[in-house]
Structure formats: structure tokens, C-alpha cells
Amino acid sequence: MSSLAVSDEHAAPASSTTRVIQPAWVRIVHWVNAVAMILMIMSGWQIYNASPLFNFTFSRSITLGGWLGGALLWHFAAMWLLMVNGLVYLVLGFVTGRFRRKLLPITPAGVISDTKAALTFKLSHKDLAKYNYVQKLLYAGIIVVGVLIVLSGLSIWKPVQLQWLTALFGGYDVARYVHFICMALIVAFLVVHVALAILVPRSLRAMIIGR
Amino acid sequence: MGRMRKLLIPGVDKKLLVKDAVKLMPDLTRRRFITGGASLGALALLTGCDVVDSSSAETMLAEVSKFNDAVQAWMFNPNALAPTFPESAVTKPFPFNAYYDFDDAPEINGNDWKLEVRGLVENKKPWTLEELYKLPQVKQVTRHICVEGWSAIGSWTGTPLRDFLKLVGADTRAKYVWFQCADKDGYNSPLDMPTALHPQTQMTFKFADEILPRAYGYPMKIRVPTKLGFKNPKYVISMEVTNEYKGGYWEDQGYNSFSGS
């Protein structure tokens, strides 16, 4: 990965076919996040099974940790990877202006027309560097969900030391539901995200080699 | 292990995916893509996806758990009180919870029972229940949070542990107070000294103004509202002030030792 980063810096942005769509830092935090997120979700399902909020449990074949204690160890280890990587992403996203450039503005009219275009398969993917309004909305939205799942997780972990945060979520029991709903939203996002990456393989390539 | 690899991108066969993607690429980028894919695989290896069942993963997780103990000890504010609730908020019925059925819960005769006090204390005299009942008591209505995730609000009355530690001349510079219990298979649990000295940490003799029932740890439990439930030992028979980490029933099986709320 580091060799890729170096070659990116030296590559001249000559023609449009070789220009960098996803800079190295985005690719690195993206894949670290992917690993951290999958570890968190799979161990989280095992933790959920110890005291289910709803009338179902997750099959043990898709959980991580083997039992509650093992899952907690994974969850509280992967959380550092998720949080540190997430912070790097947020800081760089703001500092480099990427969020402003890529995700804003989001207008209701733009979202509606791009949603229509997407549903009738008329949405263009010619320029992968430019997000359409549906992408803007989903990517901005999933960042907000990402922040919420970390904060609700912290409020479940530390309902005494961070009781102001827990209170903000409506108390310990409500925070558990918020945490679960955020997970469900991320999994739903993941399904769409992966499906679209398969439909437009150039986008997957850009997230791996940058162009 | 194989299961993990398949599930890295749920529902997607990675080999087919890569094959499809590579077909669409010009030569130069194709080579880069494969290199990138290889380092992605290396990343998955490094982060433990392929070592889920091995002892190196367990060692790594145990180390992180120790690190988390230190982080939580650092986060612990000795003056931060657990939120309290009105009496009307008490969960009814308050759940009985243990690693055994209620029928197997210890049946202790309060007249024979004595609390043993050991370790770094000046006065090692054992305490009868009658003597303990004479100590000043306070009531708290706080939330009990189980490691499993559920929670319940209870009303506990008893003597602040820090008052008792003072009374017996405990060396409060020691690292732990270690509790042993009458549960079958011998329950025990260490409590770090800053938490032992927290104003809400309590030697509990009553639940909802009634003598602590057998289900909740008669004759004495240690109520620690700044910790998860398993760090609140019931049916306590001895306490030891010590610098040695003696482990605990659940702690030894992998639950995080600090487990602070």
C-alpha cells in the first residue's frame, strides 16, 4: 500500500484516464474501516445474542467470538481500530476539503431527480470523481450514522462515567436500541454499497489502486 | 477460519469479483489492481481474520483487554456518582441471575455466617451479621447493568464499603479488595481500590427495604453501581485487601477485569 501511495504522488495528472480518483489516504482508511466494521458487526451480533432486543438472534455461523466473553474481547479491541481510523478520516475529510468538495451541496431537487434517474438506470457513472446526489446523500448520511454508532456505543459502555452522553441518547436502554438501529443502517448501506461496486467495477478499482 | 474469509464481503464471491473487475482493465492498471488486492489480503491477515481461532489472536485480545483495564482506570472518576432513581422506578420483579439455577443458590444460615477479613488490614476479627447490621446504613436506587446487556433498577441498603475499610484499618494504598463467595464452584472477584473507595460502593444487607433475600445474595452482597453486574459479588464470605491480582470467576474466563460502567 505504501508503494502505491508513493507512486501516486509522483504520477502526473496527465490524462483523465490515469488521474487519481481516490487518493491514497482515502483508500487506506476505507479498507481499514471495512475490516474494523466487519469485526465490530460480527462480534456485535454475538453480544446481541446474549440479551436480544427483538424476537430473533443471529446465527452463530455469522458471529465472531464464539461466546459472549470472546465477542466482547473482539468488540472492545476492534473499537480502537474503528475509532482511531474514523477520527483520521473525519479530520482529513474536513482539513483537505474533501467532504465539502465531494459531498456538498445536497439539494432535495438534486436527490429527487438523481433517484429517478437511478431507478430508471439512466444515472451516469462516467466521472467517478464526481458523486451524484444519491451518492452524496448516502455517503454523508453514513458518516452521521458512523458517528452515532460510536457515540451510542460509548454511552452503553460508560453509562456512569459518560452519563451525560447516555442521557443524550435517552438513557441506557434507549441507547442500546440506537446502537442496534445504526448497525442495521450500516448493514443495509453495505449491501447497496457492495452491490453497486459490483455493478460499476471501475469504482472498486478506484478504491483499490486509486484510478 | 475459512468461514471468516468467505464472509469478508458477505454474499460476494471474491474470486469471481476480482476476475470480472480485472477483465475491464487496461494492462497497466490490471497489474496495480492485483498488487493492491494482495496487500488487502495481507491487511486482513494482519488484523486477525485468519487467526480467529489461534492462540496468537487470543494473546492479542488479552493484551488489548489489559490495555482497556488501564484506559478504564484512567477514565474512572472517583467523584462521579451513578445516576439514582425514585423508588417507583425499581424493576419488579428484579431478576435473579447466576451461572446456576435458583435452586442451586447458596442457602446460608445467618446465625452461623461470619465475614472473614484478611490481608492488609489492622483488625482481622471476623464479623457476625448482627455486628454488621449495627453499622450505619444508606440506601441507593441505582441501575444494575449486566455484561449481557440487560439492565434493571434496584433498591439497595447497606454500609459504604469505604467506611468499613476504614473501620478495620485497611491499607487503602493496596491495589485490590478481593471477595470470595459461597456460590457453588466458588465465585470470587477482585475490585480495584479506587472503586472500593467510591462513595456508592456498598456492603448490601437489604433489597427494597427487606433483609436481602436468598435470590440476591443473602446475607451480604457487594453493590458496585460503577461496575457491570458480575463485579457485584453475592453470598460474600470473605474480603481480602491485597496488592496481588488474584483473578475472578468470570475474569479468568475472559470478561474484562475492570468492567467499569
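Each chain gets a letter, A, B and so on, in the order the sequences are listed, and its residues count up from 1.
A/Gln161 places no side-chain N or O within 3.5 Å of a backbone atom of B/Ala80 that could act as its donor or acceptor partner. A donor-acceptor contact shorter than 3.5 Å links the side chain of A/Gln163 to the backbone of B/Leu81.
With chain B as the partner, the residue from A/Ala36, A/Pro52, A/Ala50 showing the most heavy-atom pairs under 4.5 Å is A/Ala50. Comparing B/Ala62, B/Ser259, B/Ser151 by how many heavy-atom pairs each has under 4.5 Å with chain A, the most go to B/Ser151. Ranking B/Ile145, B/Thr226, B/Asn256 against chain A, the residue ahead of the rest is B/Ile145, based on heavy-atom pairs under 4.5 Å.
Atom NZ of A/Lys102 has more than 12 neighbouring heavy atoms from other residues, nucleotides or ligands inside a 6.0 Å radius.
For the atom pair OG of B/Ser261 and CG of A/Leu162, the computed distance is 11.0 Å after rounding to the nearest 0.5 Å. Atom CZ in B/Arg143 sits 9.5 Å away from atom OG1 in A/Thr166 (nearest 0.5 Å). Between the CG atom of A/Leu73 and the CE atom of B/Met60 there is a distance of 9.5 Å, given to the nearest 0.5 Å.
In this structure, the ring of B/Phe258 has its center no less than 6.0 angstrom from the ring center of A/Trp157.
Proximity to chain B (any heavy atom under 4.5 Å) is shown, for A/Met37, by neither the backbone nor the side chain. Both the backbone and the side chain of B/Phe76 come within less than 4.5 Å of a heavy atom in chain A.
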Should B/Gln200 and A/Val160 be marked as a side chain to side chain contact (heavy atoms under 4.5 Å, CB included) after you check the CA-CA gap, both sets of side-chain angles, and the distance that decides it?
CA-CA 12 Å; B/Gln200 287 172 311; A/Val160 175; 5.9 Å; no
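Pairing each heavy atom of B/Gly149 with each of A/Tyr172, the nearest pair is O-OH, 2.8 Å. Shown here for B/Val147 and A/Leu72, the closest heavy-atom pair between the two residues is CG2-CD1, 3.5 Å.
Between B/Val64 and the choices A/Trp74, A/Trp80, A/Phe76, the side-chain contact (heavy atoms from CB on, under 4.5 Å) rule is met once, by A/Trp80.
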